[in-house]
Amino acid sequence: MAYQTLTINKFQDLEEVKAKVQAEVADYRHTIYVCGGAGCVSSHCTEVVQALKKAIALRGLSTEVRVVVTGCVGLCAYGPCMIVEPDGVFYGNLTPDKVKVIIDRHLIGERVVEEYCYFDEDRQAYVPYTKDIPFFNDQVKIALRNCGRVDFTSIEDYIAHDGYFALAKVMNEMGREKTVEELIASGLRGRGGAGFPLGVKWQSGMKAEGDQKYIICNADEGDPGAFMDRSILEGDPHSVIEALIIGGYTIGANNGYVYVRAEYPLAVERLSDAIKEAHGAGLLGKNILGSGFDFDLEIRIGAGAFVCGEETALINSIQGLRGEPRQKPPFPFQQGLWDKPTIINNVETLANVPAIILKGAEWFASYGVGKSKGTKVFALAGDIKNSGIIEIPMGMPLRNVIFNMGGGMKDGKAFKAVQSGGPSGGCLTADHLDVSVDYESLSAMGAIMGSGGLIAMDENTCLVDTARYFMEFVQDESCGHCVPCRIGTKRMLEILQRITSGNGKLEDIDMLETLANTVGETAMCGLGQTAPNPVLTTLRYFKDEYIAHVVDKKCPAHVCTALNTYSIDPDKCRGCTLCARNCPASAITGEKGQPHTIDTSKCVKCGNCITKCNFGAIELK
């Protein structure tokens, strides 16, 4: 379905392409959307697609069944996966052999192959249809509207889903002022962390004086466990391109950049191809849609520095300078890239713009609560059953996200905490599960919305060690530009390392809290100011764990190995010698057939003994 001579000069050209593609699609009896997100690619979805197309051709179904490799479907825990339309049947954990069965029984025999569908552990039943799966049916997709529905390799398919119609509306009907007014009225706030209103930011860019302006898409998504922006770039790159053109037109910028981290090769490849498509169709370059407006877009690859997610550090990096923040003011809209007025938005924020332009501010603002309008994309990760990407209306209780959509904890374990907002966020407890997911409510609890990472942790998680992990990450990624972040995070990490290794003292806890507050109040940039959040929230909600590490020299979750003590229950030990034979320190002794003992002075606390014992005789204290 490729149009080699596709040229879009005016609004009517968009309508013609849309009508032609939709007419072609209507001739098919089924459309199969195969997830082509990074997770499914790593799970060999390419082999599934090849087997699917081959089986369809062999059975003479090529004119009846359409196969679309699309962006992330969302339910990454079931990858490779696909959805068969028009009925919305979800199949997961696919293999080439399973695909052949689905073709024969479902597409030919008209019977759903339930044993390959989603399995609801609570109901002990297979749930074939997406409309009945909680992971899917509680979502409202705006930023993700095309992920899982559009062929990311085809600009025509994007146009068939109303792509570039928002750009035409802005240029032909709304103009710059009305576009800004509509975005302000929508209440759309930046989805990259700070939550600053997009419309106000664009208005500032529009009013800024300068002979040259720039607009930048921040795709430097560096939070551990976060993959929201990556999924949008991989599955719907044209939505970001369209939004950047709209933004450039609105603020008066003729050049744009997408700053993507090098660890996202699939996103870079697909975005590059989409930019070439848009150029070829005349939607990038000179005189876009006959408006007289010129706009070009380039990709800049980041080297993976977490601090380059901060807008002024990102600007320095694009300019070839050291990636470290600048003092503000002046703000980027006043003096940004090459000292020119610059507007920066992240991927998810931009992906909302075309939908708002087409459907209106009132429609977008009808979702959400208070000052948090619209929807938010989250990456569910950690000890949760249904890991993946979701988009929910602002205001949904955290409990719904974790237990309905996420399916709860794996292996029947108890929920303990959730880290919201990545290294700059905070850990919330079971007492916060009924908190509304919105900017203000999360902030009041000591966490942040951040870019949208949610890492769920079960009862076997040590929150002191979790704080140590995030502080180690932040300290390693600190640019070192300001003393509070450079030295303060290092001292905090040292204290956490002492506590988790069994050498902590009670005064360390007080010093840790003092340092955390000082760094938060005095660091120069937003990343440094929020770096202590994991420490502050774990101290606030899990102080008993800190005290147990320091006073009792015990890790309640048995994660901090230096605090673990192993012993053998003589009533359970059968003297099989498995533990002794697998002890690297020769700390276990005993005669065969007789109870063994562990010399704790020799024990290196590797845990081999407890893993090898078949009788549950090894006790961990």
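One-based numbering along the sequence shown.
Around the CD atom of Glu209, the shell of radius 6.0 Å holds no more than 12 heavy atoms that belong to other residues, nucleotides or ligands. Within a 6.0 Å sphere centred on NZ of Lys169, heavy atoms belonging to other residues, nucleotides or ligands number more than 12. Counting heavy atoms of neighbouring residues, nucleotides and ligands inside a 6.0 Å radius, atom CD of Glu177 does not exceed 12 of them. No more than 12 heavy-atom neighbours from other residues, nucleotides or ligands sit within 6.0 angstrom of NZ on Lys276.
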- Task: With salt bridge (Lys or Arg N to Asp or Glu O under 4.0 Å) as the test, would you mind laying out the steps for Lys371 and Asp438 before giving the verdict?
- Result: CA-CA 8 Å; Lys371 296 179 181 178; Asp438 62 74; over 6 Å; no

- List the steps, then state whether salt bridge (Lys or Arg N to Asp or Glu O under 4.0 Å) holds for Lys10 with Asp13. CA-CA 6 Å; Lys10 54 187 181 301; Asp13 295 336; 3.2 Å; yes

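None of Arg149, Arg66, Lys131, Arg29 except one satisfies the salt bridge (charged side-chain N to carboxylate O under 4.0 Å, His left out) rule with Glu85; the exception is Arg149. Shown are Ile356, Ile343, Thr349; of these, the side chain to side chain contact (heavy atoms under 4.5 Å, CB included) with Leu198 is made only by Thr349. Each of Asn255, Leu337, Asp339, Thr342 was evaluated against Gln212; a single residue qualifies, Asn255, per the side chain to side chain contact (heavy atoms under 4.5 Å, CB included) test.
Side-chain contact between Met228 and Glu391: absent, with no pair of heavy atoms (C-beta onward) separated by less than 4.5 Å. When side chains are defined from C-beta on, Ile142 counts as touching Trp363, because their heavy atoms get closer than 4.5 Å. Looking only at side-chain heavy atoms (C-beta outward), Phe293 and Phe295 come within less than 4.5 Å of each other.
For Lys328 and Phe331, the positive end is not near the middle of the six-membered ring at less than 6.0 Å and at most 45° from its axis.
Once rounded to the nearest 0.5 Å, the distance linking CD1 of Ile251 with CZ of Arg176 reads 10.0 Å. Atoms CE and OG, from Met445 and Ser420 in turn, are 12.0 Å apart once rounded to the nearest 0.5 Å. Rounding to the nearest 0.5 Å gives a distance of 9.0 Å between CG of Asn9 and CG of Leu283. Taken from NZ in Lys178 to CD in Glu173, the straight-line distance is 7.5 Å, to the nearest 0.5 Å. Between the CD1 atom in Ile241 and the CG atom in Asp236 there is a gap of 9.5 Å [rounded to 0.5 Å].
Not a single donor-acceptor pair under 3.5 Å links the side chain of Thr70 to the backbone N or O of Tyr33.
In summary, the aromatic rings of Phe165 and Phe11 are positioned with their centroids under 6.0 Å apart.
Between Tyr158 and Tyr164, the angle of the ring planes goes over 60°, which puts this pair in the perpendicular group of the 30/60° scheme.
Between Ser239 and Ala351, the closest heavy-atom pair is OG-CB, 4.1 Å.
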